[in-house]
Protein chains: 2
Amino acid sequence: MNRPTITDIARLLQLNPSTVSRALNNHPDVSPETRNRVQELAQELGYAPNQLAVNLRKRHSGLIALLVSEMNMFFNPSVFRAIEQEVYANGYHLIILQSNNTLIREKQNVQICRQLAVEGVLVSLASEAQELSHFAPLLDQKVPVVFFDRILPQNHSCSVTIDDVEITRLAVQHLADKGHRRIGGLFGDPNLTITRERFRGFKQVLQELDIPFEEKHIAFAQDSEQGSQQALKIMEQAPAITAFFTMSDELMVGAVQAIEQKRLRIPEEIAIIGISDGFAPEFYNPKITHIRHSGYEVGAEAARLLLGVIREEIKDPLHVQLECRLVELGSV
Amino acid sequence: MNRPTITDIARLLQLNPSTVSRALNNHPDVSPETRNRVQELAQELGYAPNQLAVNLRKRHSGLIALLVSEMNMFFNPSVFRAIEQEVYANGYHLIILQSNNTLIREKQNVQICRQLAVEGVLVSLASEAQELSHFAPLLDQKVPVVFFDRILPQNHSCSVTIDDVEITRLAVQHLADKGHRRIGGLFGDPNLTITRERFRGFKQVLQELDIPFEEKHIAFAQDSEQGSQQALKIMEQAPAITAFFTMSDELMVGAVQAIEQKRLRIPEEIAIIGISDGFAPEFYNPKITHIRHSGYEVGAEAARLLLGVIREEIKDPLHVQLECRLVELGSV
DNA sequence: AAGGTTTGTGCAAACGTTTGCTGTGGAAAA
DNA sequence: TTTTCCACAGCAAACGTTTGCACAAACCTT
């Protein structure tokens with residue numbers, strides 16, 4: 001009762017395995033009559049090709065790997081869904097590898113990609129990754145790699161990000177439009193491009209607005225918990241601030257927690273604006289005004305780029321920056 | 001500049017490929033001296049075994065599939081993280097297949113599992129799945145399957161759920177203890193065991209408490225949006241209710257939205273208690289009292305069971321029910 | 001010293017496909 | 001009728017490993 005193979009079908013039909021193979025793949029070299037006989041029997045036996053053998057023979061795996069730091073709720077599930085859908089629609093399958101933000105796991109994962117002969121890799125870097133040399137084993141083998149979300153500047157592959165400077169400008173400008181001039185800022189891991197860019201944007205806009213930048217108004221934090229602590233610290237060191245800018249959902253949650261702990265009312269006593277790719281802003285009352293970027297679009301675009309590179313339709317490293325929009329809710 | 005193979009190493013070292021293979025796998029039949037020579041050269045060449053060939057030869061893929069309805073934020077990412085970690089730690093890799101809650105995709109995904117020769121499958125059913133016959137192709141081939149979270153009663157494989165009746169009892173009992181006797185209930189897809197069980201628990205507890213069950217106090221909803229509408233409807237049809245029970249995070253979000261829309265204060269004017277495996281209860285102010293079950297534990301247990309079945313340590317279908325606890329916050 | 005055992009290596013088949021090449025019979029062209 | 005060509009099917013090698021078996025040499029037994 002084992003799975004039928006091409007050879008089984010060949011034996012039953014007094015044919016050569018090669019003919020059966022061609023028949024199943026609708027190769028023109030096989031007569032319509034035999035093709036039908038083969039396909040009918042295959043159907044009847046519930047034949048499904050042994051993908052393992054196909055893979056070996058064709059020297060590819062049909063797999064695309066997603067290397068990601070971790071599956072937290074703020075790694076927008078829609079990024080994920082978009083990638084899966086795009087990949088699935090093109091006949092590939094997705095395998096997920098988490099780095100837990102460690103470099104060592106990321107290196108291992110690269111090796112795994114190589115061993116499994118994955119045909120493309122989507123990467124959102126671990127925060128420990130300071131450079132990209134550990135991707136060499138893949139690039140050497142000409143395995144297409146697309147970086148997204150958390151990237152590093154010195155990359156020679158495609159990448160998908162959002163225009164971090166612009167997005168931050170949008171947020172801070174909005175605060176300024178509403179009269180805020182003493183603005184606290186909460187930023188993520190300072191090693192990541194995303195953080196550096198948003199921080200740069202923040203300072204740049206302040207300068208344009210003739211608002212002096214003050215160290216004590218800003219802080220860096222790795223997660224929601226730290227974000228909350230840092231927000232508290234800022235409010236204590238600089239009680240005069242009238243608004244917070246947070247560069248991610250995690251930090252938004254942290255900031256709101258700190259604000260509630262301080263028993264300040266939003267937006268009357270303190271305003272908050274953030275950058276969000278999740279549902280967090282909708283959870284609160286009032287809902288948090290934010291710059292929304294579509295996680296779905298990031299995922300979809302990254303997957304599309306990767307597929308383009310795999311099909312050799314895209315030759316040169318493309319760096320896509322997605323646009324975002326201000327969503328005015330009640331927190332400013 | 002191609003990847004070196006075992007045959008390359010053999011040629012370079014004037015050995016037979018079989019010896020090289022054994023050397024690399026630390027087979028005792030090979031002398032320490034040759035083993036070292038082989039391993040050193042392998043290291044030097046950056047040899048990595050061609051997993052595709054290994055798979056074919058060993059007739060397994062090292063893959064475990066996760067069949068899931070969709071990657072929404074309420075499919076607790078920690079379930080996911082737990083599964084990935086457990087699977088990874090045991091040398092397997094995870095491939096994700098989404099059904100988008102449709103039966104047709106679920107069937108396709110089962111076929112894909114078969115073709116890829118996955119060694120085990122973790123399933124949280126699509127809501128369209130009313131029975132399990134489409135898993136026959138896997139079960140026929142003795143591919144281990146473990147159902148979790150969204151299951152159906154008539155399954156002969158292992159499953160991991162929580163004790164839905166008990167969990168609901170805990171919640172409703174808590175409301176009753178606080179004096180509530182007119183309780184609204186929001187439930188999910190009535191086709192799913194999880195819903196039926198929780199609904200059964202709900203009615204059962206009401207009966208034990210001598211509270212008459214009223215149709216107009218309860219509703220079923222598929223998502224957060226519908227949940228909100230249904231909650232509104234309940235509050236209009238039965239304005240006397242003093243508390244809501246919600247069986248999932250989605251519905252909790254919906255209910256809170258409805259309550260806020262009605263401008264009722266929690267918990268003074270209306271109480272709410274829910275079952276949660278996510279962060280939703282923590283988002284609100286006051287935080288929502290809930291029964292917490294650990295998504296991480298569900299995922300980890302499901303993965304452990306699956307690995308047990310794969311290793312043939314577990315022979316009979318085990319049905320694990322995880323325990324939960326009441327988290328008293330400010331909404332009751 | 002004859003026999004037996006151990007140790008290390010090689011040979012070849014197998015896993016299930018795919019594919020370039022060869023070969024056949026018959027139809028079309030000369 | 002002979003030649004040319006085409007449609008169709010078979011043969012065999014290949015993808016890179018793993019593994020049962022055979023075998024030689026060296027090592028122990030009596």
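In the text below, chain A, chain B and the rest are named by the order of the sequence lines, each starting its count at 1. What you see below is based on every heavy atom in this structure, not just the backbone, and it leaves out hydrogens, waters and symmetry mates.
Put simply, CZ on B:Arg11 is 13 Å from C1' on D:dG16, counting in whole angstrom units. If you measure from atom CG of B:Asn16 to atom C1' of D:dG16, you get 13 Å, rounded to the nearest angstrom. Atom CZ in A:Arg114 sits roughly 14 Å away from atom P in D:dG16 (whole-Å rounding). B:Ile6 has its CD1 atom 17 Å from the C1' atom of D:dA14, to the nearest Å. Rounded to whole Å, atom P of C:dC15 lies 10 Å from atom CG of A:Asp8.
A heavy-atom distance below 4.0 Å to DNA chain C is reached by these residues of residues 18-26 of chain A, ordered by number: A:Ser18, A:Ser21, A:Arg22, A:Asn25. Interface residues of residues 29-37 of chain A facing DNA chain C, ordered by number: none; criterion, heavy-atom separation under 4.0 Å. Within residues 49-60 of chain A, the residues having any heavy atom under 4.0 Å from DNA chain D are, by residue number, A:Leu56, A:Arg57, A:Arg59.
Of the inter-residue distances, the one linking B:Ser21 atom OG with B:Leu15 atom CG reads 12.0 Å to the nearest 0.5 angstrom. Note that the CG atom of B:Leu139 and the CG atom of B:Leu132 stand 8.5 Å from one another [nearest 0.5 Å]. Note that CG of A:Leu125 and CG of A:Asp189 are 11.0 Å apart. Values are rounded to the nearest 0.5 Å.
Looking at every heavy atom in both residues, B:Ala129 comes nearest to B:Leu152 through O-CD1, 3.8 Å.
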### Message
Assess the residue pair B:Asp8 and B:Tyr47 against the criterion (side-chain contact (heavy atoms from CB on, under 4.5 Å)); give the C-alpha distance rounded to whole Å, side-chain angles, the decisive distance to 0.1 Å, and a yes or no.
### Response
CA-CA 10 Å; B:Asp8 295 332; B:Tyr47 169 80; over 6 Å; no

### Task
May I have the step-by-step check of side-chain contact (heavy atoms from CB on, under 4.5 Å) for B:Asn155 and B:Phe135, ending in yes or no?
CA-CA 10 Å; B:Asn155 92 73; B:Phe135 285 96; over 6 Å; no

### Message
If you apply the rule side-chain contact (heavy atoms from CB on, under 4.5 Å), what do you find for A:Tyr88 with B:Gln98, and how did you get there?
### Response
CA-CA 9 Å; A:Tyr88 188 98; B:Gln98 295 183 108; over 6 Å; no

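For the helix from C:dG4-D:dC27 to C:dA30-D:dT1, the end axes, each set by the C1' atoms of five terminal pairs, are bent relative to each other by 60° (nearest 10°).
No donor-acceptor distance shorter than 3.5 angstrom exists from the side chain of B:Arg114 to the backbone of B:Gln141, with no hydrogens or angles considered. Listed for the B:Asn101 side chain is a donor-acceptor partner under 3.5 Å among the backbone atoms of B:Ser127.
Look at B:Arg105 and A:Glu84 and you find a salt bridge, because one of the NZ, NE, NH1 or NH2 atoms lies within 4.0 Å of a carboxylate O, short of that distance.
The phosphate of C:dT17 has OP1 or OP2 within less than 4.0 Å of a side-chain N or O from A:Tyr47.
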Ignoring hydrogens and angles, write down the donor-acceptor pairs under 3.5 Å from the side chains of residues 293-311 of chain A, residues two or more places apart or on other chains.
{"unit_1": "A:Ser294", "atom_1": "OG", "unit_2": "A:Tyr296", "atom_2": "N", "d": "3.3"}
{"unit_1": "A:Ser294", "atom_1": "OG", "unit_2": "A:Glu297", "atom_2": "N", "d": "2.8"}
{"unit_1": "A:Tyr296", "atom_1": "OH", "unit_2": "A:Gln85", "atom_2": "OE1", "d": "2.7"}
{"unit_1": "A:Glu301", "atom_1": "OE1", "unit_2": "A:Arg304", "atom_2": "NH2", "d": "3.2"}
{"unit_1": "A:Arg311", "atom_1": "NH2", "unit_2": "A:Asn90", "atom_2": "OD1", "d": "2.4"}

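In terms of the side-chain contact (heavy atoms from CB on, under 4.5 Å) criterion, residue partners of A:Glu131 (sequence neighbours excluded) are, by chain and number, A:Ser133, A:Gln154.
Side-chain contact between B:Ile6 and B:Leu24 is present, with heavy atoms from C-beta onward closer than 4.5 Å.
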